[in-house]
Number of protein chains: 2
Amino acid sequence: MLAMHSAAESKARRTNEANSKEETEAPFGLGVVLRLKPNETLFSEGDAAASFYQIKEGVIRSFRMMIDGRRQIISFSQPGDYLGLEWEGDRAMTAEAIIDTAVVSYPRRHLEGRATADVRVQNRMMAVLFGGLHNAQEHLVMLGRQTAMEKLGWFLVRLARSSRMNNGALALPMNRTDIADYLGLSMETVSRGFSLLTREGYIALPDAHQVCIRNFKRLDALARGEVPTAH
Amino acid sequence: MLAMHSAAESKARRTNEANSKEETEAPFGLGVVLRLKPNETLFSEGDAAASFYQIKEGVIRSFRMMIDGRRQIISFSQPGDYLGLEWEGDRAMTAEAIIDTAVVSYPRRHLEGRATADVRVQNRMMAVLFGGLHNAQEHLVMLGRQTAMEKLGWFLVRLARSSRMNNGALALPMNRTDIADYLGLSMETVSRGFSLLTREGYIALPDAHQVCIRNFKRLDALARGEVPTAH
DNA sequence: GAATGAGCTTGATCAAGGTCAAGACTAAGA
DNA sequence: TCTTAGTCTTGACCTTGATCAAGCTCATTC
């Protein structure tokens with residue numbers, strides 16, 4: 001639910017990793033580690049929300065589905081991100097692992113009691129919530145007002161900002177359908193878009209699950225809607 | 001920024017209005033009332049965020065703009081809703097009055113100090129933030145995966161749930177362009193859609209700024225994507 | 001190493017919704 | 001009452017991206 005994707009948030013996350021005992025384990029107490037295989041479900045829409053999670057390793061997709069199967073992915077959560085925070089009531093979405101994933105699970109009430117008492121927990125919680133909101137707002141602009149090519153640029157720029165590079169290449173763990181459902185496009189349009197970006201020299205695709213960004217500046221301009229002739 | 005639109009949130013808002021001294025004035029201290037004329041700006045993208053607001057009367061549109069003028073409206077805020085809450089840094093969007101509007105303005109630091117101390121303020125704040133997130137998530141699904149007619153249904157259902165009826169009719173204070181920029185459509189598509197909904201008996205439009213919902217159930221089914229032949 | 005199948009790419013076609021343009025309606029003011 | 005300007009509606013046409021349909025690639029299994 002509350003993935004951190006913006007530049008500011010991913011900075012916070014890195015800080016957090018640096019002194020992991022201080023920040024990651026302390027504020028919400030001790031949690032239980034869960035391991036998930038690809039496509040395994042962490043929780044489903046409608047479940048009672050008894051826990052929340054922090055990703056240790058891997059990637060999770062969180063989404064909502066319409067009765068006829070149309071799916072909107074709300075976030076891809078990466079190591080350090082929190083998800084599954086609910087105020088009251090049931091889960092509003094489903095969360096599934098994309099690759100082998102490890103999460104730390106905390107009981108929800110574990111947080112409620114501490115949040116009241118500890119200012120640091122409170123601030124941490126606020127930062128996560130505000131980060132989630134900020135994120136969602138950027139997502140809204142993208143979905144509502146960007147063209148297919150701009151959406152792809154936006155996606156890749158975010159990915160670049162939120163993940164570490166692996167000798168010049170970014171991992172693309174999610175498949176084309178996941179990307180499509182995140183960006184409000186069809187799978188085919190995503191595929192065609194990647195091909196075009198490759199042809200135009202924005203990126204290179206060593207294989208389907210790896211991207212090299214060849215011209216970040218131009219890609220960023222595309223993402224911001226500053227490239228009028230983006231086919 | 002943090003409009004309440006869901007059924008749950010608008011219930012909270014009504015409760016709040018019922019005992020206004022207890023809930024509205026107490027939790028964030030005393031604020032200053034600001035009055036805005038139609039199209040007047042409350043704050044702009046990039047401004048330093050020194051205050052946050054609660055709507056007393058009227059309607060505010062909050063939006064983000066792209067460099068070339070494309071606009072995405074993030075929320076329409078109604079009486080009781082909070083907006084302009086930022087964690088740190090500058091405003092991420094612009095807020096303008098749609099009609100004559102009165103807001104109560106609170107200094108941001110006024111909240112920070114109290115939030116730490118007072119559990120009720122803290123809970124209130126959390127409820128607002130979680131409400132905003134929940135809202136944004138529904139907005140994402142709508143923008144990413146619904147057809148034009150479904151979007152209009154979704155909009156009208158929300159409107160019906162969040163506003164009081166005025167002898168059988170709902171006020172539609174925002175113009176067609178505002179609705180379009182909220183739903184990720186063009187003005188013309190909104191207009192055509194309203195005409196079609198009228199012809200098909202879902203709604204009636206006494207005038208351009210008033211709607212009567214003729215068949216709520218069918219409209220709700222449309223909004224949920226359960227009407228396959230929605231032209 | 002052939003067979004299978006899942007995911008990805010590409011092409012051809014189609015339709016939803018955008019764009020451009022002309023009118024209609026309404027409210028405000030002269 | 002007539003004018004003017006802004007908003008809304010409607011029509012005609014066009015573009016973007018979806019859909020349908022083959023192939024292709026690569027990994028897995030026999």
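In what follows, chains carry the letters A, B, and so on, assigned in the order in which the sequence lines appear, proteins first and then strands, with residues in each chain numbered from 1.
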For this session: Show your reasoning for whether salt bridge (charged side-chain N to carboxylate O under 4.0 Å, His left out) applies to A:R176 and A:E188.
Result: CA-CA 8 Å; A:R176 299 293 185 260; A:E188 294 90 334; over 6 Å; no
Exercise. Given the rule in the side-chain contact (heavy atoms from CB on, under 4.5 Å) test, do B:Q72 and B:F63 qualify, once you have shown the distances and angles that lead to the verdict?
Worked result: CA-CA 5 Å; B:Q72 178 63 49; B:F63 59 87; over 6 Å; no
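The aromatic rings of B:F52 and B:Y82 sit tilted, their planes meeting at an angle between 30° and 60°.
Comparing C:dT10, D:dT10, C:dC8 by their closest approach to the side chain of A:S195 singles out C:dT10. You'll find that the side chain of B:T189 is closest to C:dG17, out of D:dC8, C:dG17, C:dG7. Here the side chain of A:S191 is nearest to one of C:dT10, D:dC8, C:dG7, namely C:dT10. For A:E188, counting side-chain heavy atoms from C-beta on, the closest listed nucleotide (D:dT10, C:dT10, D:dT9) is C:dT10.
Distance B:D181 CG to C:dG18 P: 11 Å, rounded to the nearest Å. Taking atom CG on A:N39 and atom C1' on C:dG7, their separation rounds to 12 Å, with Å as the unit. As rounded to whole Å, 13 Å separates atom P of C:dG18 from atom CZ of B:R70. The nearest whole Å value for the distance from the CZ atom in A:R199 to the C1' atom in C:dT10 is 10 Å. Nucleotide D:dC8 holds its P atom 5 Å from the CZ atom of B:R176, rounded to whole Å. Put simply, CD1 on B:I98 is 13 Å from P on D:dT7, counting in whole angstrom units. Computed from coordinates, the A:F194 CZ to C:dT10 C1' distance equals 16 Å when rounded to whole Å. One atom, CZ of A:R145, and another, P of D:dT16, lie 16 Å apart when rounded to the nearest Å.
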Output one line per pair: protein atom, nucleotide atom from nucleotides 24-27 of chain C, and distance, for all N/O pairs under 3.5 Å.
none

Please write out each protein N/O paired with an N/O of nucleotides 12-14 of chain C under 3.5 Å, distance rounded to 0.1 Å.
unit_1	atom_1	unit_2	atom_2	d
C:dA12	N6	A:R192	NH2	3.4

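Across all their heavy atoms, B:E150 and B:L222 have their closest contact at CG-O, 3.3 Å. The two atoms that bring B:N175 and B:H209 nearest to each other are CA-CE1, 4.1 Å, heavy atoms only. Summarising the geometry of B:F130 relative to A:E86, their closest heavy-atom pair is CE2-C, 3.8 Å, with the distance given to 0.1 Å.
A cation-pi contact, defined as under 6.0 Å to the ring centre and within 45° of the axis, links B:R218 to B:Y202.
When only modelled atom types and interatomic distance are considered, A:S186 and A:T189 share a side-chain donor-acceptor pair under 3.5 Å. Between the side chains of A:T101 and A:E57, no donor N or O sits under 3.5 Å from an acceptor N or O.
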Seminar exercise, completed: Base-pair string, DNA chain D, Watson-Crick plus G-U, cut-off 3.5 Å on both distances, | for inter-strand, is ||||||||||||||||||||||||||||||
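Using a 4.0 Å heavy-atom distance criterion, B:G193 is classed as making no nucleic acid contact.
Look at B:H209 and you'll find a side-chain N or O under 4.0 angstrom from OP1 or OP2 of D:dC8.
The pair B:R64-B:D181 fails the salt-bridge criterion, with no side-chain N (NZ, NE, NH1 or NH2) lying under 4.0 Å from an Asp/Glu carboxylate O. We find that B:R145 and A:D68 are not joined by a salt bridge, their nearest charged nitrogen and carboxylate oxygen being 4.0 Å or further apart.
Projected onto DNA chain D by closest heavy-atom contact, A:V190 and B:T177 fall at different nucleotides, the more 5' of which corresponds to B:T177.
Within a 6.0 Å sphere centred on CZ of B:R224, other residues, nucleotides and ligands contribute 12 heavy atoms or fewer.
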